[in-house]
Q: 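So that we are looking at the same thing, I have put the structure below in structure tokens.
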Amino acid sequence: MAITTTITTLTLQQAPRSGNSSHKVGRASQKRTRRPLIVTSSSTVPISVASSGAGAVMQAGAAAAAIATEAEVRPGIFEGYWQWEGHRIRYQRSGSSGPAVLCVHGFGASADHWRKNLPVVGQSCRCYAIDLLGYGYSDKPDPRQQPINTIYNFSTWSRQLRDFTAGVIGEPATLVCNSVGGLAGLQAALDDASLVRGVQVMNISLRMLHSSKQAEWQRPLVRVLQNTLRETQLGAWFFSQIANQKGVRNVLRQCYGDPAAVTDELVDMILKPGLQPGAVAVFLDFISYSSGPLPEEQLKAVGVPVSVIWGEEDPWEKIEWGREFAKYPSVQEFVSLPGVGHCPQDEAPHLVNPLIQDFVKRVNA
């Protein structure tokens with residue numbers, strides 16, 4: 001979820017298999033259904049820099065060790081912890097056969113944000129969801145012990161996703177991502193396409209706080225604000241205004257198209273990991289991250305198929321900006337979801353799950 005923005009009967013018409021496509025599926029609320037619109041267009045730091053190469057041997061021993069620690073937390077949903085570069089990483093999985101899928105959450109969220117997707121996608125796939133380093137119930141190494149933005153960045157998360165795919169999943173996977181998780185997924189595909197069948201991004205973060213998207217006069221002001229929040233008690237106070245039941249509920253109601261989708265369960269799911277030791281420092285470090293890749297750059301360069309899904313009611317990542325992504329050769333489809341906000345997989349799983357299954361089927365054909 002792009003919390004950083006607080007600072008400054010569904011009918012799906014199949015798109016053509018060749019070239020890009022842009023289409024719209026029915027509104028999340030079943031009370032109003034629009035006709036689909038098809039537009040066809042042509043804890044030990046430092047973290048190592050080792051990555052999974054194309055010829056890397058899948059680490060069966062690591063996978064077996066991870067599976068040995070799994071527990072069934074909901075019917076058909078298993079949860080485990082994986083040791084990665086000295087850190088404990090939480091993941092969940094569903095399904096025992098079929099192509100591999102790895103779901104990647106956004107800023108401030110966790111694997112639990114895919115709780116409405118894993119049981120359905122797991123019926124035909126081996127579906128995993130992971131907590132990125134610093135989020136959910138994965139370890140949160142202190143970023144203040146290293147140079148700024150050297151731990152919590154898309155390079156680190158790309159390596160985490162690639163190593164998990166190689167070491168735990170054991171075969172190339174389709175990455176299904178929300179918000180900033182989309183940049184992590186695209187970066188993983190750029191860093192080692194042999195491990196990624198395709199990437200599906202949902203309301204990918206446009207990174208409007210990136211230095212290249214700030215006016216020249218804004219950059220020093222934004223940097224002063226970021227440094228102040230990161231290095232003084234003002235940052236902890238700011239975090240405390242968000243990291244409570246009321247604050248989380250208000251943020252979710254802002255970014256979800258349907259306020260009724262903001263349940264007590266969802267609020268607790270977002271809030272509880274954010275109250276863990278180390279979460280404040282992670283939050284403040286990431287909101288000061290104004291460098292690194294941009295999604296438009298990644299989409300131009302990535303060599304695997306990409307599906308773009310966009311909730312039309314997202315107040316943070318505007319759909320008119322997102323529609324520009326449909327022009328890139330890597331983007332096979334652009335699907336807009338009327339009435340849906342920033343987190344389509346949670347707000348409208350009845351719309352999103354078929355889109356995931358269809359994309360996975362295509363890239364594994």
Side-chain angles (χ1 to χ4, degrees), residues 2 12-25 36-42 101-104 106-107 153-155 157-158 161-162 172-213 291-312 314 316-338 340 342-345 351-352 355-356 358-365:
L12 174 61
Q13 184 173 341
Q14 185 61 53
R17 293 296 189 224
S18 60
N20 300 350
S21 69
S22 176
H23 60 281
K24 180 183 297 188
V25 305
L37 175 65
I38 307 277
V39 180
T40 303
S41 62
S42 56
V101 177
L102 177 55
C103 300
V104 187
F107 178 59
N153 58 54
F154 297 112
S155 177
W157 291 323
S158 162
L161 297 179
R162 289 180 286 120
T174 302
L175 305 185
V176 179
C177 317
N178 178 226
S179 191
V180 298
L183 286 104
L186 288 171
Q187 192 61 47
L190 284 164
D191 291 340
D192 191 347
S194 72
L195 291 170
V196 182
R197 296 289 190 192
V199 183
Q200 187 169 61
V201 297
M202 304 178 192
N203 290 72
I204 188 171
S205 171
L206 300 174
R207 305 205 66 205
M208 300 310 293
L209 285 178
H210 195 280
S211 58
S212 67
K213 296 186 175 182
S291 59
L294 291 168
E296 51 267 39
E297 297 171 345
Q298 293 177 314
L299 288 169
K300 288 178 183 178
V302 72
V304 302
V306 177
S307 164
V308 179
I309 298 173
W310 217 281
E312 292 185 1
D314 189 340
W316 300 336
E317 317 297 352
K318 301 291 188 180
I319 189 168
E320 53 265 33
W321 303 335
R323 287 191 194 280
E324 291 295 310
F325 294 159
K327 68 185 181 184
Y328 296 119
S330 63
V331 178
Q332 290 191 343
E333 63 180 1
F334 184 97
V335 185
S336 60
L337 304 178
V340 180
H342 184 66
C343 306
Q345 81 280 8
L351 291 172
V352 168
L355 294 171
I356 297 174
D358 183 68
F359 183 64
V360 171
K361 184 183 299 185
R362 294 205 309 271
V363 300
N364 284 276

Q: Could you go through Ile204 and Val308, starting from their C-alpha distance and side-chain angles, then the distance that decides it, and tell me whether this counts as side chain to side chain contact (heavy atoms under 4.5 Å, CB included)?
A: CA-CA 8 Å; Ile204 188 171; Val308 179; 5.6 Å; no
Q: Which heavy atom of Ala326 sits nearest to which heavy atom of Phe334, and what is that distance?
A: CB-CB, 3.9 Å
Q: Would you name the heavy atoms of Ser307 and Gln200 that are closest together and state the gap between them?
A: OG-NE2, 3.1 Å
Q: Which heavy-atom pair separates Val304 from Gly198 by the least distance, and what is that distance?
A: CG2-CA, 4.1 Å
Q: How far apart are the C-alpha atoms of Ile356 and Met202, what are their side-chain angles, what is the distance that settles it, and do they pass the side chain to side chain contact (heavy atoms under 4.5 Å, CB included) test?
A: CA-CA 10 Å; Ile356 297 174; Met202 304 178 192; 3.9 Å; yes
Q: Is there a side-chain contact between Gln187 and Pro293, using heavy atoms and a 4.5 Å cut-off?
A: yes
Q: Kindly compute the distance separating OG (Ser158) from CG (Leu190), expressed to the nearest 0.5 Å.
A: 8.0 Å
Q: About how many Å separate NZ of Lys300 and NZ of Lys327, when rounded to the nearest 0.5 Å?
A: 7.0 Å
Q: Quick one: CG on Leu337 to CD1 on Ile309, what's the gap to the nearest 0.5 Å?
A: 6.5 Å
Q: Under a 4.5 Å cut-off applied to non-hydrogen side-chain atoms, are Phe325 and Leu206 in contact?
A: yes
Q: Can you tell me how far the CD atom of Gln345 sits from the CG atom of Leu355, to the nearest 0.5 Å?
A: 12.0 Å
Q: Please name the pair of heavy atoms, one in Gln298 and one in Leu183, separated by the smallest distance, quoted to 0.1 Å.
A: NE2-O, 3.0 Å
Q: Is a donor on one side and an acceptor on the other found under 3.5 Å between the side chain of Asn178 and the backbone of His342?
A: yes
Q: Can you find a pair of side-chain heavy atoms, one from Leu195 and one from Leu161, that are under 4.5 Å apart?
A: no
Q: Measuring only between side-chain heavy atoms, which start at C-beta, is Val335 closer than 4.5 Å to Leu351?
A: no
Q: Are the side chain of Ser330 and the backbone N or O of Leu299 linked by a donor-acceptor pair below 3.5 Å?
A: yes
Q: Atom CD in Glu312, atom CD in Glu320: separation rounded to 0.5 Å?
A: 10.0 Å
Q: Please find the pair of heavy atoms, one from Asn203 and one from Gly311, that lie closest to each other, and give the distance.
A: OD1-N, 2.7 Å
Q: Can you check whether Phe107 reaches Ser205 side chain to side chain, under 4.5 Å on heavy atoms?
A: no
Q: Carefully, step by step, assess Glu317 and Trp310 under the rule side chain to side chain contact (heavy atoms under 4.5 Å, CB included).
A: CA-CA 9 Å; Glu317 317 297 352; Trp310 217 281; 3.7 Å; yes
Q: If you compare all heavy atoms of Ile319 against all heavy atoms of Ser336, which two are closest, and at what distance to 0.1 Å?
A: CD1-CB, 3.6 Å
Q: Please evaluate residues Phe154 and Val180 with respect to the criterion side chain to side chain contact (heavy atoms under 4.5 Å, CB included), reporting the C-alpha separation (whole Å), side-chain torsions for both, the decisive distance (0.1 Å), and the verdict.
A: CA-CA 9 Å; Phe154 297 112; Val180 298; 4.2 Å; yes
